[in-house]
Amino acid sequence: LVADQLGTIPADSYVGATSSGAPKRLLDTREEGKPVKAGARRCMAVAGEPGDAAVVNLTPVLAGGAGFGVLVSSDVSGVPNASNVNYGAGSVDPNVAIAPIGDDGRVCFQNAELTSVHLVADQLGTIPADSYVGATKSGAPDRLIDSRELM
């Protein structure tokens, strides 16, 4: 078991990415034929204002091996030991992530230094800055427990 807290969202503080409530496609690296390399970062422009929190569904696909990734603000250079999404070789492993929007209007997927992976990213919505308290300043999850360390 690995449990990471993303943060807290008040019920009345969520704006959908589209008027219909459907997700908005931000990125599909399969279309360009260039996976996110091991240790690389891929940034995406999102709806919302700098400081707001972007809610993004991350779907790693066609990974070369096991790995993980984290969604962070584009203002952040270092990434803590936490993950928003874990993936295996050839698997499809979607997960929702939340990160503050950087001053340039973007959030970034930071891939672990293990293997390359294609990424499909869809923005689900935005949470205004005054309505969301992230678990960490970077927007990355806060590692609460890793049962592998208890053995």
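On a predicted model such as this, the values are computed, not experimentally measured, just so you know. Just so you know, these numbers use all the heavy atoms, side chains as well, and skip hydrogens, waters and symmetry mates. All residue numbers refer to positions in the sequence shown, counting from 1.
Counting all heavy atoms, side chain and backbone alike, V107 lies closest to P100 at CG1-O, 3.5 Å. Pairing each heavy atom of A129 with each of G51, the nearest pair is CB-O, 3.3 Å. Between G102 and P50, the shortest heavy-atom contact is O-CB, 3.5 Å. In terms of heavy atoms, A99 sits closest to S73 at CB-N, 4.0 Å. S13 and S131 get closest at one heavy-atom pair: OG-OG, 3.0 Å.
One finds the CG atom of L62 at 11.5 Å from the CG atom of L119 (value rounded to the nearest 0.5 Å).
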Exercise for the section: Given side chain to side chain contact (heavy atoms under 4.5 Å, CB included), test M44 with L71 step by step and report yes or no. Expected result: CA-CA 10 Å; M44 301 156 278; L71 188 72; 4.1 Å; yes
Exercise for the section: Using the side chain to side chain donor-acceptor pair (under 3.5 Å) rule, take N111 and Y87 through it: C-alpha gap first, then chi angles, then the decisive distance, then the call. Expected result: CA-CA 11 Å; N111 193 19; Y87 53 83; 2.5 Å; yes
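Not counting sequence neighbours, T115 has no partner by the side chain to side chain donor-acceptor pair (under 3.5 Å) test. Judged as a side chain to side chain donor-acceptor pair (under 3.5 Å), and not counting sequence neighbours, S116 has no contacts. For E32, the salt bridge (Lys or Arg N to Asp or Glu O under 4.0 Å) test picks out R42, with sequence neighbours left out. Judged as a salt bridge (Lys or Arg N to Asp or Glu O under 4.0 Å), and not counting sequence neighbours, R41 has no contacts. Not counting sequence neighbours, the partners of D28 by the salt bridge (Lys or Arg N to Asp or Glu O under 4.0 Å) test are R25, R30.
Between T29 and K34 the shortest side-chain heavy-atom distance does not fall below 4.5 Å. Between L26 and V56 there is a side-chain heavy-atom pair separated by less than 4.5 Å. In this structure, V55 and I127 have side chains that are in contact, with non-hydrogen atoms separated by less than 4.5 Å. Inter-residue side-chain proximity for V36 and F109 is flagged as met; some heavy-atom pair is nearer than 4.5 Å.
Checked by atom type and distance alone, the side chain of S83 never pairs as donor or acceptor with a backbone atom of N86 at under 3.5 Å. Looking at N84, its side chain never comes within 3.5 Å of a backbone N or O of I98 through a donor-acceptor pair. S91 places no side-chain N or O within 3.5 Å of a backbone atom of D93 that could act as its donor or acceptor partner. For the pair S74 (side chain) and R106 (backbone), a donor-acceptor distance under 3.5 Å is present. Judged by distance alone, the side chain of Q110 and the main-chain N or O of G69 form no donor-acceptor pair under 3.5 Å.
For the side-chain hydrogen bond (donor to acceptor under 3.5 Å, both in side chains) condition, the pairs that include at least one residue of residues 47-63, sequence neighbours left out, are N57-T59.
Note on Y14 and V96: same hydrophobic cluster, where clusters join Ile, Leu, Val, Met, Phe, Trp and Tyr whose side-chain heavy atoms are under 4.5 Å apart, directly or indirectly. One hydrophobic cluster, built from ILVMFWY side chains closer than 4.5 Å, holds both L27 and V117.
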